[in-house]
Structure formats: C-alpha cells, structure tokens
Enquirer: 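Below you will find the structure I want to go over with you.
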Amino acid sequence: MKIERPRGTRDFLPEEMEKRREIERKMRKIAELYGYREIQTPTFEHLELFTLKSGEGIIEEIYAFKDKGGRNLALRPELTAPVMRMFVNECSVMPKPLRFYYFANCFRYERPQKGRYREFWQFGVELIGSSSYLADAEVISLAYDIMENLNLKFDLHIGHVGLLRLLLKDVEENVASKIMRLIDKKDSKGLEDYLNTISIDRDLEGKIYDIIELIGDRSIIEDAKGIIPNFDFEYIEKLCDCLDSIDVKYNLDFGIARGLDYYTGVVFEAYAKEGLGAQNQICGGGSYRLAHLFGVDTPSTGFALGFDRIAEICELQAEKPKVVAIVAFKGLENEAFKISRIVREAGVDAIVDVMQRSLKKQLSYANDIKADFAIIVGEEELKQKSVAIKDLKTGEQKIVKIDELRDYLKSV
RNA sequence: GCCCGGAUGGGGUAGUGGUUAUCCUCUGGGACUGUGGAUCCCAGGAGCCGGGUUCGAAUCCCGGUCCGGGCCCCA
C-alpha cells in the first residue's frame, strides 16, 4: 500500500536541501554578525499560548489536539509567541537587550497554494528590551542585509501603526479592528463599503483614505503631518535618518496595518517583486508588546522571513564539494574500504561501491553521480602500494602511492 | 471551508467505451570477468481512490484524495 504525503507537506530531495541549507547558512551568518544567538522552542505548545496572542478564532487555522492526558496542545503556527513565552519563563532577568534568532518549522491548517504550505519554515529574530528607534533600525537593517545578500529582488515598506491607531482612538474597538484588517488587506473597495455602512465622521473617513494612500519616500511625512498634526513624528524621522545613513532602501507606507493590537509602533514588510504570485510577502516584522500577555511588559522588535518563499525565488546554487568514487575489482572490496578512509581523512567525500558490481558498472555509476575522480583499486597497483586515480572530466589517469594519496588529493 | 482546472510506470508522455495500454527517460542485468560517458539486447515498473452507468470503464457520471490557480485567512 502506497502512502502519500499529507496535504500541504513536502519532501525535499538532496539538491533542494543543499540549496535550502546554503540559504539557511547565510541567514544564520548575518544574524550572528549582528550578535544574535540561536534559540529553539518546542514544536508544540499549550494551545492557550496562541489563543492568548491571536484570539479564539485562530483555532480554526491551527493544528490543535488533545494529548493522552487531556491537555489542549497545538503545533506552533509561528514563533513570536513561543519566543516571548520562553523569554518570560526563563530570560526576564537577563541583561537587556536580548538578541535571539530562530530557524524552525511551523504548522498552519490552511489551503495550500504557491508559496503556502501546511508545514513551512520561518527564519526570524527578536530584539527584546528596547523601545528605541534604534531597535527598529537594527532589526530592519538585519532583515535588509539578509535579503540583499541572497540577491532577492524586493520592496521594503515601513509604516507605523500609531498613525491609524491615533485616528481611530475614539472609534469603537471592534469597528476599529475591522477597519484595520481591511486596510491590512489593501481592500480599498471593502473598506469603502464598510465605512459607508457605519456612521463614521466624514472628516475622519477622509483622513483614513488620505493616510493609507501615503506611500513613498520620507517626504510623505510632511503630508502626514498635515493630516494628523497631533501625532509625534520624531520617532519616524529619527528612524529614517538612521536607515538613510546606512543606505537601506525603503518606502514609507502608512497603509501597513496589522489586525492584531500588540503591534505598537513601526511595522515593516517586504514583498518579492517577481516569482511568487499572490503570496509574495517574504518578510514581516515590527515592534510589539506581547510579553505582558504572559506577565512581563517588555518592548520588543522582530521579524520573520518566509523561508520557503525565499528558497523558491532565490537563484543561489550551493557549491558542490569534491567527490571521489572508490572503485575496486572483485575481491578487493575491503581494500577499497581502507582507501576510502584515507580519502575521507584528507577531507574529501569518498563513495565506495556497496553493490559488488563490475568495474565497468562502478565507473559508470561514478560518472552518473558526477564524481570528480575515481580511485581504482587493483592487484597491479596494490603490489606497488599504489592506486590509480582517474580524472573523470579529462579521462587522465595516474598512479599514486597510497602514502602520498592524502597530499595528492589536497593538491587537486 | 468555498470556486475553477488537473491527475496514465520513479520522471516526462501518447491514445482509446472493446484483444496484451504507446513512446522516451529511468532502474537492474547482459553483450564486455583491468577502466565511465556511446550503441545494442533482455528484464522491471502505470491509467489517484471508492462507488455508479454499461455486456464491457483507464475513458462517461458522482463522491473523496492530492496538485496548480484564486477566495477566506495571513499570527
């Protein structure tokens, strides 16, 4: 009986894994260059961790289950809440700020699409403890460096939820939340229809439209000041100064909203310019206050990169290591194993025949797997304490003393 | 959860309500028991699953599964 993969999951073959690992390696490297250290949290958590953060409605979109002890658990749908839980549980008295990064799989019960799977990977960072614009600048700069380093073609949009929050401060909470979600979706038609069905102040309605249409360079701050004069724009201006000074390219976009209210200030998103269709957001982040849900009120800033989407559009190709195939005549299998150990000690990948096939088949296999060299183990050569080394690209072959094999392999 | 379109050996495909399901590739073996890529030969392996219509279904119909595109959602 053939068992299929569960819906929305994937198998990764070696070639793809090599590419994914290479991308992952670059992400880790850059995060570490910024002083971030890796953490890991459990694959499943108490369901309540996620409902506390995102509301009961989230259960529909989550892999939630009861364990044999009757506990309500859930496979993690994201990592910000688990990281904050970990912070509150065991790191709250560590010296601030804390810099953490993670790379892990997450699970969501959603309809799969291009770039959207039920098991997917996120790479993200959290900078915990600072409420300064410098925290936003650092995290944005880090995300930007990663995307640049991977040669992605992307647009970075930076906004501030404070503007819309201030505009909507006198609006009933669930109405404001609904408006924020429509803005988040960029559903201007839906927003217009909704605003028409509720009795909203005409002046306010106009201001909402004006604000969410503001996208562009930092000069739009002046426009925004005209619309919301009582907002303190100093924070945003300082952030822009900092990002400009390190040549981060971005657009301000005051139409970036977040449906959930723990986002407090700067929010940012990056979109791939090509290759992903409807699911083109590859990065999302911002400043939030989430830890207070679990008992400690601490400002934090972070982002998560959609690893699978990035892997899909990233052109990068992993470098293939040098591979040597050890081929032996019948009866010399153990000698081949001995030689393979010497090759591996030299730091070169060695593949030995385990099928007891003919020399011809072994060489053919070496060719198929794109080995760089074949080391041929035969009676004649062994008598001289040597092996034959064949360059599979040129076809050239030479006899090398086994004692000198290690040095020889390092020289090619 | 909703709408649209798909599904034939491991991969890519052809064709058809009616003998043994086409071709390429692939995998294993051989021609060739001291040397790969070429050629030839042999072998292996398939109509997503379940039901219905029919003398007969891989083909037509219904349901499900999975894939692709979109919606919902996007923490």
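Here is how names work: the chains are called A, B, and so on, in the same order as the sequence lines, proteins then strands, and each is numbered from 1.
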Enquirer: Is there a Watson-Crick or G-U wobble partner for B/rA7 with both distances under 3.5 Å, and which nucleotide is it?
Expert: B/rU65
Enquirer: Please determine, for B/rG47, whether a Watson-Crick or G-U wobble partner exists with both distances under 3.5 Å, and give it or none.
Expert: none
Enquirer: Testing A/R20, A/R116, A/K114 one by one against A/D308 for a salt bridge (Lys or Arg N to Asp or Glu O under 4.0 Å), which residue passes?
Expert: A/R20
Enquirer: Could you check how far CG of A/D184 sits from C1' of B/rC72, rounded to whole Å?
Expert: 14 Å
Enquirer: Please determine, for B/rU39, whether a Watson-Crick or G-U wobble partner exists with both distances under 3.5 Å, and give it or none.
Expert: B/rA31
Enquirer: To the nearest angstrom, how far is A/M180 atom CE from B/rC74 atom C1'?
Expert: 15 Å
Enquirer: With 3.5 Å as the limit, what N/O pairs link the protein to nucleotides 28-38 of chain B?
Expert:
residue	atom	partner	partner atom	Å
B/rG28	OP1	A/R357	NH1	3.0
B/rC32	O2	A/K360	NZ	3.1
B/rG34	O6	A/E380	N	2.7
B/rG34	N1	A/E381	OE1	3.0
B/rG34	N2	A/E381	OE1	3.2
B/rG34	N2	A/E381	OE2	2.3
B/rU35	O2	A/K390	NZ	3.2
B/rU35	O2	A/Q397	OE1	3.2
B/rU35	N3	A/Q397	OE1	3.1
B/rU35	N3	A/Q397	NE2	3.0
B/rU35	O4	A/Q397	NE2	2.9
B/rG36	OP1	A/K360	NZ	2.5
B/rG36	N7	A/K390	NZ	3.3
B/rG36	N1	A/L392	O	2.5
B/rG36	N2	A/N367	OD1	2.5
B/rG36	N2	A/L392	O	2.7
B/rG36	N3	A/N367	OD1	3.2
B/rG37	O4'	A/N367	ND2	3.0

Enquirer: Could you give the distance separating B/rG68 and B/rU8 at their P atoms, to the nearest angstrom?
Expert: 14 Å
Enquirer: B/rC60 pairs with which nucleotide, Watson-Crick or G-U wobble, both distances below 3.5 Å?
Expert: B/rG52
Enquirer: Between A/T197 (side chain) and A/Y194 (backbone), is there a donor-acceptor pair under 3.5 Å?
Expert: yes
Enquirer: Can you give me the N/O atom pairs linking the protein to nucleotides 2-5 of chain B at distances under 3.5 Å, or say none if there are none?
Expert:
residue	atom	partner	partner atom	Å
B/rC2	N4	A/R111	NE	3.4

Enquirer: Taking the C1' atom in each of B/rA21 and B/rA14, what is the distance between them to the nearest angstrom?
Expert: 10 Å
Enquirer: Could you tell me how the ring of A/F231 sits relative to the ring of A/H160: parallel (under 30°), tilted (30 to 60°) or perpendicular (over 60°)?
Expert: perpendicular
Enquirer: Do side-chain atoms of A/R118 reach the backbone of A/P112 as a donor and acceptor pair under 3.5 angstrom?
Expert: no
Enquirer: Got A/K178 and A/V171 here, is their nearest side-chain heavy-atom distance under 4.5 Å?
Expert: no
Enquirer: Using the P atom in both, what is the distance from B/rC67 to B/rG12, to the nearest Å?
Expert: 15 Å
Enquirer: A/L182 CG to B/rC74 P: how many Å, rounded?
Expert: 11 Å
Enquirer: Nearest whole Å is fine: how far is B/rA75 C1' from A/M84 CE?
Expert: 14 Å
Enquirer: Measuring only the P atom in each nucleotide, how far is B/rC49 from B/rA58? A whole number of Å is fine.
Expert: 9 Å
Enquirer: Mapping A/R309 and A/Y117 to their closest nucleotides on RNA chain B, which lands nearer the 5' end?
Expert: A/Y117
Enquirer: Return the value, rounded to whole Å, for the distance between atom CZ of A/R116 and atom P of B/rC72.
Expert: 10 Å
Enquirer: Side chains of A/Y101 and A/R28: is there a donor and an acceptor less than 3.5 Å apart?
Expert: yes
Enquirer: Would you classify B/rG47 as syn or anti? Syn applies when the glycosidic angle is within 90° of 0.
Expert: syn
Enquirer: Check whether A/N251 reaches the backbone of A/D253 with its side chain - one donor and one acceptor, N or O, closer than 3.5 Å.
Expert: no
Enquirer: Please report the distance separating the P of B/rC24 from the corresponding atom of B/rC60, rounded so that it comes out in whole Å.
Expert: 27 Å
Enquirer: If you take atom types as modelled and just measure distance, does the side chain of A/R10 reach the base of B/rC67 with a donor-acceptor pair under 3.5 Å?
Expert: no
Enquirer: Give none if B/rG1 has no partner; otherwise give the nucleotide forming a Watson-Crick or G-U wobble pair with it, both distances under 3.5 Å.
Expert: B/rC71
Enquirer: Below 4.5 Å, heavy atoms only, C-beta onward: do A/V248 and A/L156 meet side chain to side chain?
Expert: yes
Enquirer: Rounded to whole angstrom, note down the C1' distance from B/rU25 over to B/rA46.
Expert: 14 Å
Enquirer: For the pair A/K19 (side chain) and A/C314 (backbone), establish whether a donor and an acceptor sit closer than 3.5 Å, ignoring hydrogens and angles.
Expert: yes
Enquirer: Report yes or no: is the cationic atom of A/R99 (NZ for Lys, CZ for Arg) closer than 6.0 Å to the six-membered ring centre of A/Y34, at no more than 45° off its axis?
Expert: no
Enquirer: What integer number of Å spans the P atoms of B/rU27 and B/rG37?
Expert: 13 Å
Enquirer: Using a 4.0 Å heavy-atom cut-off, does A/G8 contact any base of the nucleic acid, only the sugar-phosphate backbone, or nothing at all?
Expert: sugar-phosphate
Enquirer: Between A/I62 (CD1) and B/rG1 (C1'), how many Å, whole number?
Expert: 17 Å
Enquirer: Distance check, C1' atoms only: B/rU53 and B/rU13, in whole angstrom units.
Expert: 30 Å
Enquirer: How many whole angstroms separate atom CG of A/N280 from atom P of B/rG70?
Expert: 10 Å
Enquirer: Identify whether any heavy atom of A/Q113 sits under 4.0 Å from a base atom; if not, whether one sits that close to sugar-phosphate; answer base, sugar-phosphate or nothing.
Expert: base
Enquirer: With sequence neighbours excluded, give me every side chain to side chain donor-acceptor pair (under 3.5 Å) pair touching residues 372-397 of chain A.
Expert: A/D372-A/K393
Enquirer: Starting from P on B/rG11, measure out to CG on A/D11 and report it in whole angstrom.
Expert: 12 Å
